[in-house]
2 protein chains.
Amino acid sequence: MANEIRPTEGELEILQILWKKGPSTVREVNDLLNDAQDKSIGYTTTLKIMQIMFEKGLLKRDDSQRTHIYTAEVREGKIQSALLDRFLNAAYKGSASKLALQLLGNHKTTPDELAEIKALIDQLEKNKPS
Amino acid sequence: MANEIRPTEGELEILQILWKKGPSTVREVNDLLNDAQDKSIGYTTTLKIMQIMFEKGLLKRDDSQRTHIYTAEVREGKIQSALLDRFLNAAYKGSASKLALQLLGNHKTTPDELAEIKALIDQLEKNKPS
DNA sequence: TAGTATATACGAATCGTTTCGTATACAATA
DNA sequence: TATTGTATACGAAACGATTCGTATATACTA
């Protein structure tokens, strides 16, 4: 065990792109990173990080062509869940409700989203009656 | 501006202790850190980190006695809010509802907490009728 | 007072992430 | 074929967080 999946913030940005876009080249990822940001990131920087992510098992790659194609090797929900768990413990000492209250209080949420969350709560309450 | 408050995980652990316990000495903090953990941390390590936190403005200290007393200089809710914002963007691309759903789905929440959250949602819905 | 325990200060080693310069390979083209 | 553009590979610098050894000051105690 002890298989800690713990992407850094930089790695997470790359994962977000791959989750959304699917298999991509380093250049595509790098372009998107530079689009969506204030600062600019050199091509070899992105390449290096993606190579390291590959070594860590976060990405897989097809190197049958000169231009390698990278794909996320980890599922979005799984990573989010792991990060959330960690964050919850680090910042809220594990109190999910405290986090939830602050989340809903501080951030704009659409009526639809609120309804969705409420529905989930209703369901949780039903399944756990006692 | 550009007054980024961004405690590291290690710093956050110390803040948690100070938030809970109030003003404390380095030794007290270090003891609690070692109590509540698997790994052990040297005294001078904790001292160093707290000194750095002091320089960053995260802590204030009373050095009128030989044994200095440290106090959290930042409010718990404020730090949590800033961290949550960052985390929400990094891991969920800003979708609070996605985070909320995963949070409530994955973690055990007591009926009381669920009720509390539902009450907040009701209130949010009332205040934002259209 | 001499010796021991405990405090802070300082500086350096280590570690992981991020960054990029440079070397090298390969492909397209003039 | 020689030039130019674009890949990957490699290595090292820079940076921040963490860790701790050691020096020094101070208090306690035998």
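FYI, side chains are in, hydrogens and waters are out, and symmetry mates aren't considered; it's all heavy atoms of this structure. Below, chains carry the letters A, B, ... as their sequence lines are ordered, and counting in each starts from 1.
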> Under 4.0 Å between a side-chain N or O of B/T45 and OP1 or OP2 of D/dT18?
Replying inline: no
Quick check on C/dA7: is either OP1 or OP2 less than 4.0 Å from any side-chain nitrogen or oxygen of B/R27? yes
Without decimals, in angstroms, what is the distance between [X] [atom1] and [N] [atom2]?
X	N	atom1	atom2	value
B/R61	C/dT8	CZ	C1'	8 Å
A/I41	C/dT19	CD1	P	6 Å
B/M50	D/dC20	CE	P	17 Å
A/D63	D/dA7	CG	C1'	12 Å
B/I14	D/dT18	CD1	C1'	11 Å
B/N30	C/dT6	CG	C1'	13 Å
B/I52	D/dC15	CD1	C1'	13 Å
B/E55	D/dG16	CD	P	13 Å

Got a sec, which residues hit side-chain contact (heavy atoms from CB on, under 4.5 Å) with [X], two or more places apart in sequence or on another chain?
X	answer
B/T25	B/R27, B/E28, B/T67, B/I69
B/K20	none
B/K56	B/E11, B/I52, B/L58
A/L32	A/I17, A/K21, A/D35

Contact list (N/O, under 3.5 angstrom) for nucleotides 23-30 of chain C vs protein:
none

Taking only residues at least two apart or on different chains, which pairs with a member in [range] satisfy salt bridge (charged side-chain N to carboxylate O under 4.0 Å, His left out)?
range	value
residues 44-55 of chain B	none
residues 111-122 of chain A	A/K118-B/D122, A/K118-B/E125, A/D122-B/K118
residues 83-107 of chain A	A/E4-A/R86, A/R86-B/E9, A/K98-B/E76

Residues passing the side-chain hydrogen bond (donor to acceptor under 3.5 Å, both in side chains) test with B/Y43, sequence neighbours excluded, are none
Those residues at least two apart in sequence (or on a different chain) that pass side-chain hydrogen bond (donor to acceptor under 3.5 Å, both in side chains) with B/D63 are none
- Kindly assign one of parallel, tilted or perpendicular to the pair B/F87 and A/F87, based on the angle between their ring planes and the thresholds 30° and 60°. parallel
**Prompt:** So, do A/Q80 and A/R75 sit near enough that their side-chain heavy atoms are less than 4.5 Å apart?
**Reply:** no
Going by heavy atoms in the side chains, are B/L124 and B/L120 under 4.5 Å from each other? yes
Which of D/dA9, C/dT18, C/dA7 is nearest the side chain of B/Y43? It is C/dA7
Per the under-4.0 Å heavy-atom filter, residues of residues 78-88 of chain A near DNA chain C come out as none
Sugar-phosphate, base or nothing in reach of A/R6, heavy atoms under 4.0 Å:
nothing
Polar atom pairs between nucleotides 10-14 of chain C and protein, under 3.5 Å, N or O only, would you list them?
from, atom 1, to, atom 2, distance (Å)
C/dG11, N7, B/K48, NZ, 3.3
C/dG11, O6, B/K48, NZ, 3.2

Per nearest nucleotide of DNA chain C, the residue lying toward the 5' end, B/I69 or A/T46, is B/I69
